[in-house]
There are 2 protein chains.
Amino acid sequence: MNNLGNTKKDNATENIALDEKDIAILQLLEEDAKMTIRDLAAKLNLSATPVYERIRKMEQAGVIRQYAAIVDPSKIDKALTVLCYISLKEHGKKAGAKFIKEITSFPEVMECLNISGQFDFMLKVQVKDMLAYHEFNVNKLGELDNIRHMESVFVMSVIKATHRVVY
Amino acid sequence: MNNLGNTKKDNATENIALDEKDIAILQLLEEDAKMTIRDLAAKLNLSATPVYERIRKMEQAGVIRQYAAIVDPSKIDKALTVLCYISLKEHGKKAGAKFIKEITSFPEVMECLNISGQFDFMLKVQVKDMLAYHEFNVNKLGELDNIRHMESVFVMSVIKATHRVVY
DNA sequence: ATCAGTATAGAATAATGTTCCGTTTCAAAA
DNA sequence: TTTTGAAACGGAACATTATTCTATACTGAT
């Protein structure tokens, strides 16, 4: 077990208090970021201005981190998702930072989490198929020199996948 | 090991071929869905019309599944992420469907994957803190009657988290 | 009750999305 | 090589939406 990685606070301005209206706006935008301000205003029984300014505040405060187009992996020939668990040989600050830098540079790695338990990291890897994963494993992960142990868990189906964190 | 859950194809129209320009558009929109069509056009050395029509086609084909506002969990007091691994007692179709229906209804569950290995499912749970996770565990997961075994892995830090699948 | 700060509505303006149409490009068929 | 048709494109016109501005209404503290 270790605690590598970024633990510093976010770059945005300090925290802001969110009321029920802000929460409602977030919930709607999490589902559909293209919803117009007028539609939002209608749902909240407000005019456009306050909705607009609430959104702007939440953007500047870093509450809304990003607006993203979510692409269906299977439609772009990336149908296989693998969870790859990794434990390191050396857990020193320098060795950890090196590992993180390398892992982060791989576009196949959608997610890298520093976790508790017998492994140090969980990677979520998105690739075309098993062959592509094998090649990723051999040519990219296999080239890293600090890996003690590795284990792959394959995703057979996605039951639920949401970006909503507000509830 | 089982294979519960939705394996049918998506609701959108049939697949479309994507060329380099489409890929470039997707990459940009994955990072910033609010980028204007004219800005996209400028980056691709195109006019607005073809960019607009390419985006519309990809939306209709289901390549672009959604436009989402991504909210920072820590900013809304949901600072703890837990990976919760679950194996079921009964793997029959009916029992599996019941479990899925219940799990899906919990807002704390961001993600539910049907996986290979010793467990059947991995849940990604997003909550305020350890106390909230304990309560989720006892009051929600604990009420399910089909769980054989359960294991929690805690996320200590997020090294990388992206929604980009196009590369 | 008064004041200061904040939130709001409504209208005006700026920016962006969307459509239209004539032109170009490109590849297949002759 | 020429012809032809379909698809992609550019530029302008139009429609919708975001953004700003100003005046008003609200809220809490003194």
Side-chain angles (χ1 to χ4, degrees), chain A residues 11-72 75-77 163-164 166-167, chain B residues 10-72 75-77 163-167:
Chain A
N11 41 3
T13 57
E14 81 285 5
N15 285 6
I16 61 171
L18 302 176
D19 62 15
E20 318 75 39
K21 290 172 185 172
D22 293 318
I23 297 294
I25 291 171
L26 285 179
Q27 286 178 331
L28 290 165
L29 289 182
E30 279 186 318
E31 281 301 309
D32 179 13
K34 282 281 205 285
M35 185 173 288
T36 69
I37 290 181
R38 287 189 173 90
D39 284 347
L40 289 168
K43 282 186 186 285
L44 300 180
N45 285 90
L46 285 176
S47 68
T49 310
V51 174
Y52 174 77
E53 286 178 352
R54 282 164 180 272
I55 292 173
R56 195 169 51 81
K57 275 184 190 171
M58 292 192 287
E59 288 170 354
Q60 290 177 346
V63 174
I64 297 174
R65 187 206 308 253
Q66 183 189 16
Y67 294 98
I70 308 299
V71 174
D72 184 340
K75 293 286 171 56
I76 57 154
D77 212 23
H163 307 100
R164 295 189 55 162
V166 185
Y167 55 91
Chain B
D10 279 342
N11 41 4
T13 57
E14 79 285 6
N15 285 7
I16 60 170
L18 302 177
D19 62 15
E20 318 74 39
K21 289 172 185 171
D22 292 318
I23 297 294
I25 290 171
L26 286 179
Q27 287 177 332
L28 289 165
L29 289 182
E30 279 185 319
E31 282 301 309
D32 179 13
K34 281 287 205 291
M35 185 173 288
T36 69
I37 291 181
R38 287 182 170 86
D39 283 347
L40 287 168
K43 282 186 186 284
L44 299 179
N45 285 89
L46 285 176
S47 68
T49 309
V51 174
Y52 174 78
E53 287 176 352
R54 282 165 180 272
I55 291 173
R56 194 169 51 82
K57 274 185 189 170
M58 292 193 285
E59 288 170 354
Q60 290 176 346
V63 175
I64 297 174
R65 187 207 306 252
Q66 184 189 15
Y67 295 98
I70 309 299
V71 174
D72 183 338
K75 293 285 171 58
I76 56 154
D77 212 22
H163 306 100
R164 295 189 57 163
V165 294
V166 184
Y167 54 92

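Chain letters run A, B, ... following the sequence lines, proteins first and then strands; every chain starts at 1. Note that the coordinates shown come from a computational prediction; the quantities given were computed from them, not determined experimentally.
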DNA chain C: A:Asn45 or B:Glu53, which has the more 5' nearest nucleotide?
->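 Checking each residue's closest nucleotide, the 5'-ward one belongs to A:Asn45.
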What is the distance from atom [atom1] of [X] to atom [atom2] of [Y], rounded to the nearest 0.5 Å?
X: A:Leu29; Y: A:Leu40; atom1: CG; atom2: CG; value: 5.0 Å
X: B:Gln27; Y: B:Glu20; atom1: CD; atom2: CD; value: 11.5 Å
X: A:Ile64; Y: A:Met58; atom1: CD1; atom2: CE; value: 4.5 Å
X: A:Asp22; Y: A:Ile16; atom1: CG; atom2: CD1; value: 6.5 Å
X: B:Leu18; Y: B:Ile25; atom1: CG; atom2: CD1; value: 10.0 Å

Grab the [atom1]-[atom2] distance between [X] and [N] for me, whole Å please.
X: B:Leu44; N: D:dA8; atom1: CG; atom2: P; answer: 15 Å
X: A:Asp39; N: D:dA18; atom1: CG; atom2: P; answer: 8 Å
X: A:Tyr52; N: D:dA18; atom1: OH; atom2: P; answer: 10 Å
X: A:Ile25; N: D:dA18; atom1: CD1; atom2: P; answer: 13 Å

With no hydrogens and no angle check, do the side chains of B:Glu59 and B:Tyr67 hold a donor and an acceptor under 3.5 Å apart?
->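 On atom types as modelled, these side chains qualify, holding a pair under 3.5 Å.
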5' to 3' on DNA chain C, which nucleotides open and close the contacts with chain B (atom under 4.0 Å from a heavy atom)?
->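 Extent of the interface on DNA chain C: C:dT16 to C:dC20.
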Any sub-3.5 Å donor-acceptor pair from B:Glu31's side-chain atoms to A:Ala69's backbone N or O?
->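 A pair under 3.5 Å: no.
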Salt bridge flag under 4.0 Å for residues A:Asp19 and A:Arg54 |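 Salt bridge: yes.
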Is there a residue in residues 29-38 of chain B whose heavy atoms reach under 4.0 Å of DNA chain C, and which residues are they?
->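 Heavy-atom cutoff 4.0 Å gives B:Thr36, B:Ile37, B:Arg38.
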